[in-house]
Amino acid sequence: MPTYRTDLIQPIVGQTSFGIWDLLNKGSDPFGAPTRAAITAEDGIRLLGKIGVPFVSLHDLDVGLDPWVTPNAKALDARKAEIAASLRESGVQVWMYTPCLFHHPLVRAGSVTANDARVRRMSLQKMIFALDVAEELGARWLTFWLGRDGAEVDALIDAKAAYARIADAVAMATAYIRGKGYQIRISLEPKPNEPRGDIYVATVGHALGIINLLPEADRNLVGVNPELLQHEAMAGLNGYHAIGLLAAAGKLAFLHLGGQTPLRYDQDHPFLGGNSDLKQSFYIILGMLRHAPKTICEFDCHPFRTEAGDDAREAFIRGNLEALGIMVAKAKSFLALPEARELLAETDARGFGFTADPATDPDGFRQALFAGEWNADTVAASLSPNAQALDRLVNLHLLGMA
Ligand code: GCO
Ligand code: MN
């Protein structure tokens, strides 16, 4: 294992988390057998504690707390106590908890969107059970990753009903949170496809649309955790814009990070790993630093399948932390460049250069808006958007040539 740079890791490690499922991952893919030995959830938690990662996220299934797999209240209680003890001993806290609504054959035609009311009800049971466990374990977020809610055969489920059913389920969960006085919040994680042909909560925009379907009192209990680069890039979308939209809407819950080649299957490469787009990765960290500098960066990706050694998982954790440290350092130093500051002077500017309220005084508003000489050709000729100069600066800086 190389010596990973603590000078890069130390400034950011306090705002990081790893999904336990990513550490348990054994390197199998739909074509190939596992390449890494199994570890337990406790091993993974211990490893994070040793490296100083403050948070871990859990799927009920991966930590033995799935009520569909273990329909025995006593056994689940005992297992919960074991996980709590492991977290305590390792000094690691739970960042996010997910009821796995994508694994069991029960949800093969959807969980909360299924046509069969029994499946919708059992999915809600699982969500509410998970909320209780998550709150008890101190989790800050419960992520609904509705990865099995989608379609190959669109005739099966009416799309309007599907979105309404998702909103119904989320609204039940938020109302329960309010009723119980819980601290936990709900997060939606978009993904365009895989495992379904098309997933309903496909993009950040879809997630915001669903939040908009909720009763108003529940909307502030729900956020979105985009997975960047992977999930937005799978649809060829721009992750920097995803962060911008969520920041503007006040809905950025936290980030899932990893590497991805656009328009491919969910590669889940380590952050900056493989053929990931370095520039896009730079921009998402730039967006994060500017609009949510303290947000938790949770790595939701896997060691490459090639990595089979005993230290593969430790190298994976340290490698991701170092990669984030590199991009945070790059983005910070970019923002501090006098040339960048000058070129970016107007980047946050808003407004239209006049004040008048179109609702209370529409005629005054019109008059103010059109006051003066406005000629499209003249203004166009005087514009200097600086795009080329900024792009050059980003390239020189990112590639260490500035
Ligand atoms: C994926 C998803 C999951 C979710 C997780 C939420 O596999 O594509 O990213 O890893 O993040 O299920 O907890
Ligand atoms: Mn994810």
Side-chain angles (χ1 to χ4, degrees), residues 17-26 28 34 36-49 53 55-112 114 116-149 169-170 172-173 176-177 179-187 189 195 298 300 313:
S17 175
F18 281 78
I20 196 71
W21 58 95
D22 298 309
L23 302 182
L24 299 179
N25 179 280
K26 292 183 285 187
S28 57
R36 287 184 287 280
I39 61 167
T40 64
E42 281 90 330
D43 293 334
I45 292 169
R46 211 171 298 121
L47 187 54
L48 292 175
V53 175
F55 295 108
V56 66
S57 289
L58 309 173
H59 285 165
D60 57 2
L61 176 71
D62 296 333
V63 295
L65 287 172
D66 188 325
W68 290 346
V69 175
T70 312
N72 174 325
K74 266 206 180 124
L76 289 170
D77 267 350
R79 183 63 190 142
K80 192 168 58 191
E82 283 173 11
I83 293 293
S86 154
L87 290 161
R88 232 179 2 257
E89 281 156 23
S90 306
V92 176
Q93 299 177 49
V94 183
W95 177 250
M96 170 270 263
Y97 193 85
T98 288
C100 172
L101 293 168
F102 46 87
H103 186 79
H104 199 284
L106 174 74
V107 290
R108 67 187 182 279
S111 66
V112 297
D116 192 311
R118 293 171 305 170
V119 177
R120 297 203 298 277
R121 179 163 173 167
M122 288 184 73
S123 300
L124 183 62
Q125 286 174 358
K126 201 175 208 270
M127 287 162 65
I128 298 299
F129 182 80
L131 268 176
D132 292 336
V133 173
E135 179 80 8
E136 199 181 322
L137 292 177
R140 315 293 207 278
W141 293 92
L142 186 120
T143 292
F144 284 145
W145 181 57
L146 297 174
R148 200 52 83 174
D149 289 275
V170 176
M172 285 286 179
Y176 183 74
I177 287 174
K180 286 288 232 178
Y182 281 175
Q183 295 302 306
I184 196 163
R185 299 289 175 259
I186 304 264
S187 159
E189 178 171 333
E298 174 159 278
D300 186 7
R313 289 170 173 104

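Numbers here simply count residues along the sequence, with the first being 1.
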- Query: Under 3.5 Å, is there a donor-acceptor pair between the side chain of Arg148 and the main chain of His103?
  - Reply: no
- Would you confirm whether Ser86, through its side chain, and Glu82, through its main-chain N or O, come within 3.5 Å as a donor-acceptor pair? no
- Asp149 meets the salt bridge (charged side-chain N to carboxylate O under 4.0 Å, His left out) criterion, sequence neighbours left out, with none
- Message: Applying salt bridge (Lys or Arg N to Asp or Glu O under 4.0 Å) to Asp77 and Lys80, what does each step give before you reach the verdict?
- Response: CA-CA 5 Å; Asp77 267 350; Lys80 192 168 58 191; 3.3 Å; yes
- Minimal heavy-atom distance between Leu65 and Tyr97, with the atoms involved, is CB-OH, 3.4 Å
- Given Asn25 and Arg36, is the side chain to side chain donor-acceptor pair (under 3.5 Å) satisfied, shown in steps? CA-CA 8 Å; Asn25 179 280; Arg36 287 184 287 280; 2.7 Å; yes
- Item | Contact check, side chains of Met122 and Leu106, non-hydrogen atoms, under 4.5 Å | yes
- Evaluate the ring planes of Phe102 and Trp145, with Trp represented by its six-membered ring, and classify them as parallel (under 30°), tilted (30 to 60°) or perpendicular (over 60°). perpendicular
- Task: Provide the closest heavy-atom pair for Thr70 versus Ala75 in the form atom of the first, atom of the second, distance.
- Result: CG2-CB, 3.9 Å
- Item | Minimum heavy-atom distance between Val107 and Leu101, given as atom pair plus value | CG2-O, 3.4 Å
- Please examine the side chains of Pro105 and Trp68, heavy atoms only from C-beta on, and report whether any two atoms are closer than 4.5 Å. no
- Would you name the heavy atoms of Trp21 and Ser57 that are closest together and state the gap between them? CZ3-O, 3.6 Å
- Query: In a check of side chain to side chain contact (heavy atoms under 4.5 Å, CB included) between Arg140 and each of Arg185, Gln93, Met96, which one passes?
  - Reply: Gln93
Give the table of side-chain donor-acceptor pairs shorter than 3.5 Å for residues 125-133, with sequence neighbours excluded, one pair per line with atom names and distance.
residue, atom, partner, partner atom, Å
Lys126, NZ, Asp60, OD1, 3.4
Lys126, NZ, Asp60, OD2, 2.7
Lys126, NZ, Asp66, OD1, 3.2
Lys126, NZ, Asp66, OD2, 3.0
Lys126, NZ, Cys100, O, 2.9
Asp132, OD1, Tyr176, OH, 2.7
Asp132, OD1, Tyr182, OH, 2.7
Asp132, OD2, Tyr176, OH, 3.3

- Query: Would a distance-only check, ignoring hydrogens and angles, find a side-chain to backbone donor-acceptor pair under 3.5 Å from Thr98 to Thr143?
  - Reply: yes
- Partner of Leu23 under side chain to side chain contact (heavy atoms under 4.5 Å, CB included), picked from Asp62, Leu48, Asp43, is Leu48
